[in-house]
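Read through the structure below, which is laid out as structure tokens, and then see the notes.
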Amino acid sequence: MRGSQMCFVRTAGCSVGCPSCDTDYRRQEFATDEQIATRVDQRTPREARERWVWITGGEPTDHDLAPLIAALRARHFSIALATSGHRPIATAVDWLSVSPHDPAKWVQTSGQEMKIVPGLNGFSIQDFRSAHPDEETDFRYRYVQPLSIGKQEDPASLRTCLEFVKANPNWSLSRQDHHYWNVA
Ligand code: SF4
């Protein structure tokens with residue numbers, strides 16, 4: 001999974017409504033589930049050891065994902081899904097990445113990985129962990145990720161992350177590298 005080539009599908013729209021949302025919606029078009037799956041299929045090398053697609057948003061669960069996932073499965077793709085976790089995930093995927101953006105709305109408390117971004121929407125990791133101790137969630141990997149502003153990491157958020165991982169060795173540091181690499 002780590003370092004695997006991924007084809008990204010970014011669904012339009014988001015019901016979470018973060019005040020500092022930086023998702024770029026200038027490039028968008030309508031496509032059916034079959035059209036999306038066909039395009040992903042054409043853009044992913046056949047000789048790839050594993051064929052992965054990463055569905056993100058916006059908030060992908062604002063849409064009924066079952067038909068798209070079925071169309072991708074029919075083309076032998078493994079499915080990764082990124083969500084803010086404010087809806088339970090109904091359709092099984094191979095990698096579920098949950099990044100709570102509004103702790104008050106957060107319901108999806110299991111998956112392969114969770115990412116917390118201190119400072120996002122006033123997010124306090126201490127408040128979050130008091131409300132949701134590790135024992136009440138089920139994630140294989142737990143990350144803290146410094147808030148990115150443009151192509152810079154917010155110094156206060158980075159400091160919080162570094163202090164947090166030092167004090168909590170079952171959590172790891174992560175970065176929003178796609179912001180720096182211009183890949184998504
Ligand atoms: S969850 Fe993501 S896409 Fe949705 S409003 Fe927040 S930052 Fe924007």
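Computed from a predicted structure; not experimentally measured. Numbering of ligands and ligand atoms starts at 1, following listing order.
- The protein heavy atom nearest to atom 1 (S) of ligand 1 is H101 CD2, 3.4 Å.
- Salt-bridge check for R87 with E59: failed, with every basic side-chain N at 4.0 Å or more from each acidic carboxylate O.
- Between R39 and E34, no side-chain nitrogen of the basic residue sits less than 4.0 Å from a carboxylate oxygen of the acidic one, so the salt-bridge criterion is not met.
- Checked against a 6.0 Å centroid threshold, the rings of F77 and W52 do not count as neighbours.
- Counting protein heavy atoms only, atom 3 (S) of ligand 1 is closest to T23 OG1, 3.3 Å.
- Near C14, the atoms of ligand 1 lying under 4.0 angstrom from a non-hydrogen atom of the residue are 1 (S), 3 (S), 4 (Fe), 5 (S).
- By the neighbour-count criterion of 12 heavy atoms within 6.0 Å, atom CZ of R75 is densely surrounded, having more than that number from other residues, nucleotides or ligands.
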Worked check of side chain to side chain donor-acceptor pair (under 3.5 Å) between E113 and S97: CA-CA 5 Å; E113 63 179 9; S97 177; 2.7 Å; yes

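- Not a single heavy atom of S84 sits less than 4.0 Å from an atom of ligand 1.
- Counting protein heavy atoms only, atom 6 (Fe) of ligand 1 is closest to C18 SG, 2.2 Å.
- Here C21 reaches atom 8 (Fe) of ligand 1: one of its N/O/S atoms is less than 2.8 Å from the metal.
- In this structure, H132 and F128 have tilted ring planes: the angle between them lies in the 30° to 60° band.
- Residue contacts with ligand 1 do not include G57, since none of its heavy atoms lies under 4.0 Å from the ligand.
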